[in-house]
Amino acid sequence: MNFVEELRWRGMLHDIMPGTEELLNKGMTAGYIGFDPTADSLHVGHLTQIMTLTHFQRAGHKPFALVGGATGMIGDPSFKSHERNLLDENTLQKNVAGIKAQLENFLDFTGANSAVMVNNYDWFKNFGFLEFIRDVGKHITVNYMMSKDSVKKRLEDGSGLSFTEFSYQLLQGYDFYHLWKNENCALQMGGSDQWGNIVTGTEFIRRKDGGEAFALTTQLIKKADGTKFGKTESGAVWLDPKRTTPYQFYQFWLNTTDVDAKSYIRIFTFLDKAAIEALETEQDAAPHQRAIQKALAKDITIRVHGEAAYQKAVKSSEFLFGNVGIEFLNELNDTEVLGLFEGVPNFMISRNDLENRINAVDLLAGYTAVFPSKGEAKKMIQGGGVAINKTKVGTAEDFFNTDHLINNKYLVAQKGKKNYFLIIAE
RNA sequence: GGGGGGAUACCAGAGCGGUCAAAUGGGACGGACUGUAAAUCCGUUGCUUCGGCUACGAAGGUUCGAAUCCUUCUCCCCCCA
């Protein structure tokens, strides 16, 4: 199946410039997607673009992944309601390195259509301001730049934008030109919020060299209830296991609602149509089994964190959410317990302190940071949302001592139903 | 340069001398129900040694008492030039 068809049936395609499909059908085409180095790790929101690029390569085309070492210094104003803070150079370099390393895991760097990583800092670092406004700025009118939705919105809602952010689209436009000229890269892809920036590029290529380049954008992922995709209570879901553990990552996908799962399985996995429809049939017949969520979480977790990490995440999940009693821990040795709780936040407390018994509030908000304040711990306990060793904590004055330790070493704290914490007494 | 308006909790937004830790809505979190789903209903949403303490852009002042009045400063918006 060709690339565009693939995106289409998966519901990923948002907009495509006329002629793009014809170009792709003619043969191997080079195309790119840019990634902003706003952090040293990508998060699940970036996965759509990673999938797009991977589909592109699988369809026999040559993918370029661009890391915005230069554009990251400026900040894309698209659909951000406020002027952005500039990152300092050290942070930026660290971010570029982190993102590059992650992207390398997803693309194939061998063969005729091997992937290529580029950093736009390489062609911008020696590009002088005068040179830039003569060679690039001259070809694009301010009228044109102001008519972009991203800019218009900022002007209309009164928040304004600096000249720096305003000029962002020229930088991105030049990126496209550079890759088109030097790498024969005729297509830029991105999220639908990038359409304006991408088209500035094709326009620039046309005006400067009379060349032809193309654009394709993908749907922005939203949850069925309209809220932002990729956020949890504790913030963004990252690909870096140090920021979001494989267990948390797996849980994030497993918790997807039924409605969203049906669209995510198409977007975030490579499962084909038949496999997906089979899963849907299964889901409809036995919704409580959550076949789609499980398949979704499995597929993505393995691709991002590997098979071993996935297995561990499943084991932890089965123990924490299954019907297994807490006593089960007594049958495990230390290594096994720690393995089971790998990815679950843990806290150390002193055994001596525990011997003198500690009340629930102090335990959860003083000795450990399960709750940020004692007041909150108290409220949660009163609301019936706290459990230790899978038993609800009745009052804030419930006491705990070494007798409560599982395996003579552990306490398992639960905040709500889904948030587990391991407390280790030493 | 001239004139006007504004800054309140995560966000929006009321309050305009005491009864204000601050209405209301949204969001978030928790509970019940369920399938670690959706919908619905309920609760919580500054910290605390529960005596208080810190808070309404910042700093001073008036007052027994200020988010509310006065002065200065910072930032934002609108109109005119």
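Here is the naming used below: chain letters follow the sequence lines, and residue numbers restart at 1 for every chain.
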- Task: Starting from Watson-Crick (N1-N3 plus N6-O4 or O6-N4) and G-U wobble pairs under 3.5 Å, report the runs of at least three that RNA chain B belongs to.
- Result: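 Ordered by first number, the stems with RNA chain B (at least 3 consecutive pairs each) read B:1-7 with B:74-80, B:10-12 with B:24-26, B:27-32 with B:40-45, B:57-61 with B:69-73.
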
Please state how far atom [atom1] in [X] lies from atom [atom2] in [N], giving the value in whole angstrom units.
X: A/Phe321; N: B/U34; atom1: CZ; atom2: P; result: 18 Å
X: A/Phe319; N: B/U36; atom1: CZ; atom2: C1'; result: 15 Å
X: A/Glu376; N: B/U45; atom1: CD; atom2: C1'; result: 8 Å
X: A/Met380; N: B/C42; atom1: CE; atom2: C1'; result: 15 Å
X: A/Asn419; N: B/G30; atom1: CG; atom2: P; result: 6 Å
X: A/Lys223; N: B/A37; atom1: NZ; atom2: P; result: 12 Å
X: A/Lys374; N: B/G52; atom1: NZ; atom2: C1'; result: 16 Å
X: A/Asp258; N: B/A39; atom1: CG; atom2: C1'; result: 12 Å

Taking the six-membered ring for Trp, are the ring centroids of A/Tyr420 and A/Phe321 within less than 6.0 Å of each other?
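Between A/Tyr420 and A/Phe321, the centre distance is under 6.0 Å.
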
Pair A/Phe270 + A/His55: ring centers closer than 6.0 Å: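 Centroid distance A/Phe270-A/His55: below 6.0 Å, so yes.
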
In whole Å, measure the gap between the [atom1] atoms of [N] and [M] for me.
N: B/C80; M: B/G15; atom1: C1'; answer: 33 Å
N: B/A23; M: B/U45; atom1: P; answer: 11 Å
N: B/G46; M: B/C10; atom1: P; answer: 9 Å
N: B/A22; M: B/G27; atom1: P; answer: 22 Å
N: B/A7; M: B/C70; atom1: P; answer: 14 Å
N: B/C56; M: B/A67; atom1: P; answer: 8 Å
N: B/A37; M: B/C29; atom1: P; answer: 13 Å
N: B/U68; M: B/G2; atom1: P; answer: 28 Å

Taking only N and O in the side chain of [X], is any of them less than 4.0 Å away from OP1 or OP2 of [N]?
X: A/Lys379; N: B/C47; value: yes
X: A/Ser373; N: B/U48; value: yes
X: A/Lys417; N: B/C29; value: no
X: A/Thr257; N: B/A38; value: no
X: A/Lys418; N: B/G30; value: no

Donor-acceptor side-chain pairing of [X] and [Y] below 3.5 angstrom:
X: A/Glu376; Y: A/Ser373; value: no
X: A/Gln293; Y: A/Asn255; value: no
X: A/Gln188; Y: A/Gln194; value: no
X: A/Glu307; Y: A/Gln311; value: yes

query = Which is true for A/Ser317 with a 4.0 Å heavy-atom rule: it touches a base, it touches only sugar-phosphate, or it touches nothing?
reply =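 If one applies the 4.0 Å heavy-atom cut-off, A/Ser317 turns out to touch a base.
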
B/G51, syn or anti by chi within 90 degrees of zero
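Classified syn.
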
* In residues 238-255 of chain A, which ones come under 4.0 Å of RNA chain B, going by heavy atoms? ->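 Result for residues 238-255 of chain A: A/Gln251, A/Leu254, A/Asn255, sorted by number.
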
For RNA chain B, the residues among residues 277-299 of chain A that have a non-hydrogen atom under 4.0 Å from it |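 Heavy-atom contacts with RNA chain B come from A/Pro287, A/His288, A/Arg290, A/Gln293.
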
**Report entry** Within 45° cone of A/Phe249 ring axis and under 6.0 Å: A/Lys312 NZ or CZ
**Finding:**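 Judged by the rule, A/Lys312 and A/Phe249 form no cation-pi pair.
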
Walk me through whether A/Tyr247 and A/Phe341 qualify under ring pair (Phe, Tyr, Trp, His ring centres under 6.0 Å). CA-CA 9 Å; A/Tyr247 160 76; A/Phe341 280 87; 8.8 Å; no

- Query: Parallel, tilted or perpendicular: which describes the rings of A/Phe229 and A/Phe268, with under 30° parallel and over 60° perpendicular?
  - Reply: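 If you compare the ring of A/Phe229 with that of A/Phe268, the planes turn out parallel.
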
Parallel, tilted or perpendicular: which describes the rings of A/Phe124 and A/Tyr174, with under 30° parallel and over 60° perpendicular?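 Geometry flag for A/Tyr174 against A/Phe124: tilted rings.
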
Side-chain ion pair, A/Arg206 and A/Glu203, N-O less than 4.0 Å: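 The answer is yes: the pair qualifies as a salt bridge.
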
Note to self: Salt bridge check, A/Glu5 against A/Arg8: does any charged N sit closer than 4.0 Å to a carboxylate O?
What the structure shows: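 Result for this pair is yes, salt bridge flagged.
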
Q) Between A/Gly375 and A/Gly384, which has a closest nucleotide on RNA chain B that is more 5'? A)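 Of the two residues, A/Gly384 wins.
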
Crowded around A/Glu89 CD? As in, over 12 foreign heavy atoms under 6.0 Å?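 No, the 6.0 Å shell around CD holds no more than 12 heavy atoms from other groups.
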
